[in-house]
A.B. asks: 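Quick one: the structure is below, and I'll ask about it shortly.
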Protein chains: 2
Amino acid sequence: MTSEKQEILEKKGWKIGSVKDFLGLTEEEESYIDLKLKLSANLRKLRIDRKLTQIEFARMIKSSQSRVAKLETGDPSVSIDLIIRSLLALGTSNKEIARTISS
Amino acid sequence: MTSEKQEILEKKGWKIGSVKDFLGLTEEEESYIDLKLKLSANLRKLRIDRKLTQIEFARMIKSSQSRVAKLETGDPSVSIDLIIRSLLALGTSNKEIARTISS
DNA sequence: TAAATATATGTCAAATATGACATAATTTCA
DNA sequence: TGAAATTATGTCATATTTGACATATATTTA
């Protein structure tokens, strides 16, 4: 299961990039995790740049502090959809999102 | 509601780009729809390039023909997550996905 | 240091997305 | 043309995602 493997990776401290050649991850799974973690990390960076706490940001996107925490760590329970909508709420453009993905 | 507005847009034949300054769409909603439609269109293009029918492709991603049809038209009921996983299943790289988004 | 503030983790009911099915509409081609 | 193949649309039970809550664990600051 993809989610479980991602969970393992994160528990072991794996971050952006460098997830290749590990366990039985297919290229597809690797790319998906990479993509998600890049967007998550970017979200955290932007929130901090704007000097917002997770609670403040959660109110902006009508969510909760705990979900923001999960968003920023690429938790298996969050969708790329929600990460992208959160980035857009911070004023991120599609081109910036594209740059993040290909970083 | 975002989904309803997107639905209206699509019923009226709106496609990639040019969704700005319409109804009460916020920048955020516009960007989200744009992003989704670009990825959807790219998915259809790649499937056709590979000479696959929707039924054949549906089997590859363990889904159904009807969902593939919805994926390719950016139906409000499909998530960006599924579109991205479908693109990855066709061997698309993250960089290619990024290029599609900023096209 | 200890209190205050901020972030992380686990859980769950409600909301949303999903595959599958039926069937309609469209396209292909003999 | 018209039958076959392909794609679109509507619906629904099931699966996944979500916000919210409680509470644990950092991190900051006085």
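Here the structure is a predicted model, which means the values were calculated and not measured. Atoms considered below: every heavy atom in the structure, side chains included; atoms not considered: hydrogens, waters and symmetry mates. To find a chain, count down the sequence lines: A is the first, B the second, and so on, and within it residues start at 1.
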A.B. asks: May I have the distance from Ile83(A) (atom CD1) to dT17(D) (atom P), rounded to whole angstrom?
C.D. replies: 11 Å
A.B. asks: Rounded to whole Å, how long is the line connecting atom CD of Glu72(B) with atom C1' of dT7(D)?
C.D. replies: 9 Å
A.B. asks: Any chain of hydrophobic side-chain contacts (each under 4.5 Å) joining Leu71(A) to Ile48(A)?
C.D. replies: no
A.B. asks: Identify the pairs formed between an N or O of the protein and an N or O of nucleotides 28-30 of chain D at a distance under 3.5 Å, and give each distance.
C.D. replies:
none

A.B. asks: Which residues pass the side chain to side chain contact (heavy atoms under 4.5 Å, CB included) test with Ala69(A), sequence neighbours left out?
C.D. replies: Gln54(A), Gln65(A)
A.B. asks: Decide yes or no for Ile33(A) and Lys36(A): does some side-chain heavy atom of the first lie under 4.5 Å from some side-chain heavy atom of the second?
C.D. replies: no
A.B. asks: Testing the basics here: between Ile101(A) and Lys38(A), what is the closest heavy-atom pair and its distance to 0.1 Å?
C.D. replies: O-NZ, 3.5 Å
A.B. asks: NA contact type, Val78(A), heavy-atom cut-off 4.0 Å: base, sugar-phosphate, or nothing?
C.D. replies: sugar-phosphate
A.B. asks: Can you measure from CG (Asn94(A)) to OG (Ser103(B)) and round to the nearest 0.5 angstrom?
C.D. replies: 9.5 Å
A.B. asks: Describe, as an angle rounded to 10 degrees, how the axis at the first end of the helix from dT1(C)-dA30(D) to dA30(C)-dT1(D) is tilted relative to the axis at the last end, five pairs per end.
C.D. replies: 50°
A.B. asks: Kindly write out the residues that satisfy side-chain hydrogen bond (donor to acceptor under 3.5 Å, both in side chains) with Lys45(A), not counting sequence neighbours, or none if the list is empty.
C.D. replies: Asp49(A)
A.B. asks: Rounded off to whole Å, could you give me the CG-to-C1' distance for the Asp81(A) and dA17(C) pair?
C.D. replies: 9 Å
A.B. asks: For Leu82(A) and dT17(D), what is the distance between atoms CG and C1' respectively, to the nearest whole Å?
C.D. replies: 9 Å
A.B. asks: Just checking, any donor-acceptor pair under 3.5 angstrom between side chains of Ser77(A) and Asp75(A)?
C.D. replies: yes
A.B. asks: Under a 4.0 Å heavy-atom cut-off, which of residues 45-58 of chain A touch DNA chain C?
C.D. replies: Arg47(A), Thr53(A), Gln54(A)
A.B. asks: Can you sort out the partners of Arg59(B) under side chain to side chain contact (heavy atoms under 4.5 Å, CB included), two or more places apart, ordered by chain and number?
C.D. replies: Ile55(B)
A.B. asks: So, using side-chain hydrogen bond (donor to acceptor under 3.5 Å, both in side chains) as the criterion, who are the partners of Ser79(B) when residues are at least two apart?
C.D. replies: none
A.B. asks: Using atom CD1 of Ile84(A) as one end and atom P of dT18(D) as the other, report the distance to the nearest whole Å.
C.D. replies: 12 Å
A.B. asks: Please name all residues satisfying side-chain hydrogen bond (donor to acceptor under 3.5 Å, both in side chains) with Asp81(A), sequence neighbours left out, ordered by chain then number.
C.D. replies: Tyr32(B)
A.B. asks: Between atom OG of Ser31(B) and atom CG of Leu35(B), what is the distance when rounded to the nearest 0.5 Å?
C.D. replies: 8.0 Å
A.B. asks: I need the CG-P distance between Leu71(A) and dT9(C), as an integer number of Å.
C.D. replies: 14 Å
A.B. asks: Strictly below 4.0 Å, heavy-atom distances to any atom of DNA chain D: list the hits from residues 59-67 of chain B, or just say none.
C.D. replies: Gln65(B), Ser66(B)
A.B. asks: Anything under 3.5 Å between a donor and an acceptor, one on a side chain of residues 83-92 of chain A, the other on a protein residue two or more places apart or in another chain? List them.
C.D. replies:
residue  : atom : partner  : partner atom : Å
Ser86(A) : OG   : Leu82(A) : O            : 2.8
Thr92(A) : OG1  : Leu87(A) : O            : 2.8

A.B. asks: Excluding sequence neighbours, so at least two apart, what forms salt bridge (Lys or Arg N to Asp or Glu O under 4.0 Å) with Glu72(A)?
C.D. replies: Arg44(A), Arg47(A)
A.B. asks: Check if the side chain of Lys70(B) and the base of dG10(D) share a donor-acceptor pair of N or O atoms closer than 3.5 Å.
C.D. replies: yes
A.B. asks: Where the side chain of Arg44(B) is defined as all heavy atoms beyond and including C-beta, which of dA8(D), dT18(C), dA8(C) is the nearest nucleotide?
C.D. replies: dA8(D)
A.B. asks: Answer yes or no: does a side-chain N or O of Ser79(B) lie under 4.0 Å from OP1 or OP2 of dT18(C)?
C.D. replies: yes
A.B. asks: Can you name the residues that form a side-chain hydrogen bond (donor to acceptor under 3.5 Å, both in side chains) with Ser63(B), not counting sequence neighbours?
C.D. replies: none
